[in-house]
Amino acid sequence: MPQVKSQSAVSSSTESLNPQQQLALQHLSGPLLILAGAGTGKTRVITHRIARLIETGADPRRILAVTFTHKAAQEMRRRVDHLCPGKGAAVWIFTFHSFCNRLLRQNGRAVGLPPYFTLYDEEDQKKLILECLKELGWEDQKNKASLYLALIARAKDDLLDAQSYAIHSAVQKDPHRETVARIYLRYQQKLEKLGAADFGDLLLKTVRLLKENEAICRHYQTFFQHISIDEYQDTNRAQYVLAKILAEKHRNLCVVGDDDQSIYLFRGADIRNILEFEKDFPGAFVVTLEQNYRSTQKILDAAWRIIHQNENRKPKRLWTEKKSGEPISLLELATEYEEGRAVASEIQNLLQNGAAPKDAAIFYRTNAQSRSFEEALRRCRIPYRLIGTVRFYERKEIKDALSYARVLINPSDSLSLSRILNVPRRNIGNRTQEILRGWCKEKEISLWEALGEISKISGLTPCARKALQSLCDLLKTLQSHGPQRAASEAMAEILDRSGYLQELEEEAQEDPQAAGRLANLQELLNAMKEFEEQCALSGGDSTLGAYLEQVALEAAADSYSEKEDSVTLMTVHLAKGLEFPIVFLTGMEEGLFPIGSAGHQPKDLEEERRLCYVGMTRAKEKLILTYSDTRRIFGQTYYNLPSRFIEEAGLAQPSVPEAPLPAKASPRNLIQLRLGSRVRHPQFGEGQVAQLIGGGESLKVKVVFEDGRWRKFLVQYAPLEIL
């Protein structure tokens, strides 16, 4: 039996907290808002507060703690377990989606979901959208499938089901919204027929469950006596409404977050949820955490100079007891390729001076920017890894294996069954599959039901009938052996009896890629073993169905591991929640960071500013900002202005490389050029002076031309005509 800490032992563990952190632990009843700036130890405060609740008599089984990633939830659980051995494991610590998933597995029939429903990932959802477009006769719209999927996901986050969305569209008489509404209706009908749900459904249907079923709602409102929500600034409307419903009875709602780090507007996050918390919960107690334990003061000051430009924020300024630190570096490069080489060279120097590859991270605004850094790092033989690209569970062989498992759990999942009809190859070709789909459509039955009617389906060849019957017999055998067994045991049988493993083993003798796929399947079994070991320690469910749920609920950022010794490349969005000794914040150019026309919409610009703030505050010791004068986009070269965030941060401009033209221009330019002067260049056309640098014969000028490009010129050599 684990030794249970005494109350004094738990209390003594809080003595190292700073005064503001301890203040958060003293307020254990009623609504509480903890404004936790970047690197101020919010996870520590949340876990210590949960431990204090347990210490003072709260039932750990009736405490709910919600966060946004599985990694954060696991870390939170580990810390609570450490503080309260034997009790911490009972606390409900989940992501929003995993919490809703649990409630719907238990009560989903009330909102039309079977307990064995399949949770579809983005690839599965997109396939359904494409099917909808085909059935509606809009195949020419298939390149917009991702857009339609995003609009449907946003509607669900806003608690608009398919019927409500259709009504809104009809009232507004918006043709585009009416198109989306028709796709949404058909998409949702398909999900229901397949016994499936997407991520938006988890939230939408949970809120609906609680709103429409008074008894169920009352049960959970009474059951959860204390609720904590991390990263509250990133909650959308559905999450906000869910929190309000659950906290309605006891009002013991503690939300933790930082309005300066709200960066998911594009996903439906609403910064007003945290800014207006005191309005939503009158009498709320507010604690502001400003002591930073991560970054140097120079990094914090530069980040603050940017973020305090935002109007919609709570006043706070981070400080640290750490040394002031190195000045922030700013590198100006000629092209994105030079930018990649400069960053790689800088990392090489750092490695030679004792840094490890894993100490450094390269952040960028868009995924497309990674290429120049990848090429430069490869040339320098510096190990690196990309976060947010194709994940382990999105690889073909892994999706194939898990599709077998999903069919065993939910036979109605025709999408998964369709994927494995001819995996491994069993002579069920495209023609046979078309006949099957036609039969399903005509009879309005699932693909699984169609397999039970093979003898009735006309048009099938004897070979196809035999193959389909063999598949049907295989799936029934696997089901009879019990998919509720341990995950690794069930999967090992799937891979063996299906013949998939054997097929890859045969291919691997000639194809190195097949050997890689075999290794991935072995890694899948290893992952399932680890899952079972964790379940044994926590008392959790280690069956195949439970494993499928965990996989479906994983987030891209959860794939990051601090153990791998390599430079990390990722978008700034994925960097949230992480920290590195050395950070390169790249592509600091107008139109890229801030992106597009962000400067034209105040709320969008404020979001970009918050994103920049997040990127800067990931750095512990060294921060390097880079930008390039030119960048090639779709084969065309564009000239760029440095990001406004560079100036807002108070960083000095880097030296400007000299590029004199053969002959001097008229001396009058030295006298008459002013900020805002209209000029004409023989190659670039008309433009306006945006910046003057230096003076006298060293005067340099930055001109923004009418096509949006800009160039720097040494004035005495520049062929500029003043207009």
Non-hydrogen side-chain atoms of F199 and L119 separated by less than 4.5 Å: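 A side-chain contact exists here, since the closest heavy-atom pair is under 4.5 Å.
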Test salt bridge (charged side-chain N to carboxylate O under 4.0 Å, His left out) applied to D258 and R313, K316, K314, K42, the passing residue: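 Only match with D258 under salt bridge (charged side-chain N to carboxylate O under 4.0 Å, His left out): K316.
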is_close_aromatic(F224, F99), centroid dist under 6.0 Å: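 Yes.
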Assess whether a salt bridge exists between [X] and [Y], defined as any Lys/Arg side-chain N lying under 4.0 Å from an Asp/Glu carboxylate O.
X	Y	value
D124	K399	yes
K529	E533	no
R610	E607	yes

Who are the side-chain hydrogen bond (donor to acceptor under 3.5 Å, both in side chains) partners of [X], not counting sequence neighbours?
X	value
N101	R105, E549
N213	none
E214	R218

Closest non-hydrogen atom pair, Y232 against N273: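 Shortest heavy-atom contact: CE2-O, 3.1 Å.
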Closest non-hydrogen atom pair between A527 and Y547, with its separation: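 Looks like CB-OH, 3.5 Å.
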Let me have the donor-acceptor pairs involving side chains of residues 242-251, under 3.5 Å, with sequence neighbours excluded, atom names and distances please.
unit_1	atom_1	unit_2	atom_2	d
H250	NE2	T222	O	3.1
R251	NH2	P282	O	3.0

R609 vs D260, side chain to side chain contact (heavy atoms under 4.5 Å, CB included): CA-CA, chis, key distance, verdict: CA-CA 9 Å; R609 199 173 272 125; D260 289 338; over 6 Å; no
Test ring-ring contact (aromatic ring centres under 6.0 Å, His included) applied to Y404 - qualifying residues, sequence neighbours left out: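 Testing Y404 for ring-ring contact (aromatic ring centres under 6.0 Å, His included), a comparison that skips the adjacent residues, returns none.
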Of L415, I420, T118, the residue whose pairing with V407 passes side chain to side chain contact (heavy atoms under 4.5 Å, CB included):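 Result for side chain to side chain contact (heavy atoms under 4.5 Å, CB included) with V407: I420.
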Option passing side chain to side chain contact (heavy atoms under 4.5 Å, CB included) with T40 (candidates L35, V45, L289, I34):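 Result for side chain to side chain contact (heavy atoms under 4.5 Å, CB included) with T40: L289.
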Donor + acceptor pair across side chains of Q239, D234 (<3.5 Å):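 No.
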With sequence neighbours excluded, residues passing side chain to side chain contact (heavy atoms under 4.5 Å, CB included) with N18: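 N18: side chain to side chain contact (heavy atoms under 4.5 Å, CB included) contacts with Q20, Q21, Q291, Y293.
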Sidechain-backbone polar pair: Q22 side chain, L17 backbone, donor-acceptor under 3.5 Å: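 Confirmed, Q22 side chain pairs with L17 backbone.
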